[in-house]
There are 2 protein chains.
Amino acid sequence: MVSDTKQRLINAAIETLRTRGITGVSARNVAAAAGVNQALVFYHFGSIDQLLAAASATAAARRVEAFRERFAQVDSLRDLLAAGRELHAAERETGGVAVLAQMLAGAQHDPALSAAASAALELWATEIEQVLDRVLGGTPLAEFTDIPGLARAVSAAFVGIELYEGADPQGAGAALEALDRLGVLLEVLEGLGPVATRALRANLRRRSR
Amino acid sequence: MVSDTKQRLINAAIETLRTRGITGVSARNVAAAAGVNQALVFYHFGSIDQLLAAASATAAARRVEAFRERFAQVDSLRDLLAAGRELHAAERETGGVAVLAQMLAGAQHDPALSAAASAALELWATEIEQVLDRVLGGTPLAEFTDIPGLARAVSAAFVGIELYEGADPQGAGAALEALDRLGVLLEVLEGLGPVATRALRANLRRRSR
DNA sequence: GTCTATAGCTGGATAGAC
DNA sequence: GTCTATCCAGCTATAGAC
């Protein structure tokens, strides 16, 4: 079991990434947020980077876990979009994606953070991949899309919108609205009858070579 | 006209954001990259934040300008996707989007950076908006999508993928591949005959209420 | 406009008492 | 495991010579 102080430091690191960003993270800041001494960061984790790595993993695991049930209920692309909006709203409170975004920014030039950030993103991506697998199974889209790649594209886009939200909430809101409207189109594609589906499939097959 | 040193500092700030990220930016680092004295940052800009704001605006304007011609040639959604991939490849060299991503990360908890970052993103978004306007005009999609919002969603997603690339090139590559394959589907939608278009339009209209 | 010098602070990291 | 104390590097920002 992880010691209490170690856990407190991880929680404090998550909180600091969330409220002050990657530029606001320091051993002193995090330790103060945890209510413990600054030297304990190095005793327990060896370096700030390693603490951040642990924090990133914990934050991602928690948030994915919290949304697993909702994801399991998704039964259409449009509902996946709806789940995405719920997730976005929830994340504005809890900040799991904000932590990931800050980690990704720091990871661009820091190999230690890079491994941690991509692992956290992978956690989200595999979750979404399962949903896409289930939802797209049997539709004409399944054969013409790369579901694992698509899941990763969706995850990355989600992070981008989260960052956008922090800089320009109005613009990000417009972006989300637009995606919602796009959902109607997805619904139509999903609801095509068998004749139309066959025609679409043939059309797709012809064009994809 | 902007003085030579001021311009050098702006270029050096862009370069530093690009190669060392937001956490690697300091008056000393930037001044060293510019080959000038550290005190000149404060003489010319007053603070690091204001230098970064200027750098962000310059970088975005430059890159948008460099791609304006290519954007003007885009005549289909699929070609927009292709242009996006070319832009992505070019940006890996020049790093304009990387600068934007780092600014956005820093902007989350810094109002001064926030204004600059959202202005830069807006520059990209309005450019993409024009392309979408031109390309979607007349298609059934035009009435059922919010083009300004969609342009902002695309911009945000682009930033997300750029960050992804820096942390996990392989995963980001898979994401881009998947979007490419999705392009085939867009091509089909664009290439629908008049009968199918009318049917789709009716279907969309019915479902959108 | 540009430099040196420096004040004053915050940072990571370690040594050593308890 | 946790603390105090400390080293030293790096930081922003300013004062003042040139």
Side-chain angles (χ1 to χ4, degrees), chain A residues 1-56 58 102-103 105-116, chain B residues 1-56 58 102-103 105-107 109-114 116:
Chain A
M1 202 51 197
V2 194
S3 81
D4 189 52
T5 297
K6 204 167 174 179
Q7 194 58 62
R8 288 169 66 91
L9 280 171
I10 288 175
N11 290 339
I14 293 171
E15 197 55 24
T16 306
L17 272 175
R18 205 174 84 69
T19 56
R20 310 175 56 154
I22 187 78
T23 58
V25 169
S26 74
R28 289 171 142 87
N29 281 344
V30 174
V36 302
N37 190 277
Q38 171 257 147
L40 294 179
V41 168
F42 303 96
Y43 174 79
H44 284 290
F45 297 94
S47 72
I48 305 283
D49 275 8
Q50 284 171 269
L51 167 54
L52 287 182
S56 166
T58 300
Q102 293 295 323
M103 285 292 294
Q108 302 297 305
H109 307 98
D110 181 336
L113 294 191
S114 160
Chain B
M1 200 51 194
V2 193
S3 81
D4 189 52
T5 297
K6 204 168 175 178
Q7 195 57 62
R8 289 168 66 89
L9 280 171
I10 288 176
N11 290 339
I14 293 172
E15 197 54 24
T16 307
L17 272 175
R18 206 173 84 69
T19 55
R20 309 175 59 153
I22 186 80
T23 57
V25 169
S26 75
R28 288 170 134 85
N29 281 343
V30 174
V36 303
N37 191 275
Q38 171 259 148
L40 294 179
V41 168
F42 303 95
Y43 174 78
H44 284 291
F45 296 93
S47 72
I48 305 283
D49 275 9
Q50 284 170 269
L51 167 53
L52 286 182
S56 166
T58 301
Q102 293 295 322
M103 284 292 294
H109 309 283
D110 181 335
L113 295 191
S114 160

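Proteins get letters first, then strands, A, B, ... in listed order; numbering begins at 1 in each.
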message: Any heavy-atom pair between the side chains of B:Leu52 and B:Ile22 that's under 4.5 Å?
response: yes

message: Regarding B:Ala27, tell me which of base, sugar-phosphate or nothing describes its non-hydrogen contacts under 4.0 Å with the strands shown.
response: sugar-phosphate

task: State whether A:Ser47 places a side-chain N or O below 4.0 Å from either non-bridging phosphate oxygen (OP1 or OP2) of C:dG12.
output: no

field: Distance-only donor-acceptor test, B:Arg28 side-chain atoms vs D:dG10 base atoms, 3.5 Å
entry: no

statement: When rounded to whole Å, the CD1 to C1' distance for the pair A:Ile48 and C:dA13 reads 9 Å

query: What is the minimum heavy-atom distance between A:Ala54 and A:Phe45, and which atoms define it?
result: CB-CE2, 3.9 Å

- request: Measure from the side-chain heavy atoms of B:Gln38 and tell me the nearest of D:dA15, D:dA13, D:dT2.
  value: D:dA13

- request: Give the rounded distance in Å between these two atoms: CD of A:Gln50 and C1' of C:dA13.
  value: 13 Å

field: Length of the line joining B:Asp49:CG and D:dT12:P, which is rounded to integer Å
entry: 10 Å

query: When the distance from CZ of A:Phe42 to C1' of D:dT4 is rounded to whole Å, what number comes out?
result: 15 Å

message: Can you measure B:His44 atom NE2 to C:dG1 atom C1' for me and round it to whole angstrom units?
response: 6 Å

- request: Measure from the side-chain N and O atoms of A:His109 to the backbone N and O of B:Arg18, and report whether any donor-acceptor pair falls under 3.5 Å.
  value: yes

- prompt: Between atom NZ in B:Lys6 and atom P in C:dG1, what is the gap in whole Å?
  reply: 9 Å

message: Strictly below 4.0 Å: does A:Asn29 bring a side-chain N or O up to OP1 or OP2 of C:dT10?
response: no

field: Over all atoms of both residues, closest heavy-atom pair of B:Val36 and B:Arg8
entry: CG1-NE, 4.1 Å

task: Nearest whole angstrom, please: distance from the P of D:dG16 to the CG of B:Leu40.
output: 18 Å

query: When you check the phosphate oxygens OP1 and OP2 of D:dC11, does a side-chain N or O of B:Ser26 lie under 4.0 Å from one of them?
result: yes

field: B:Asn37 CG - D:dT14 P separation (whole Å)
entry: 15 Å

field: Shortest non-hydrogen contact from A:Met103 toward A:Leu113
entry: CE-CD2, 3.9 Å

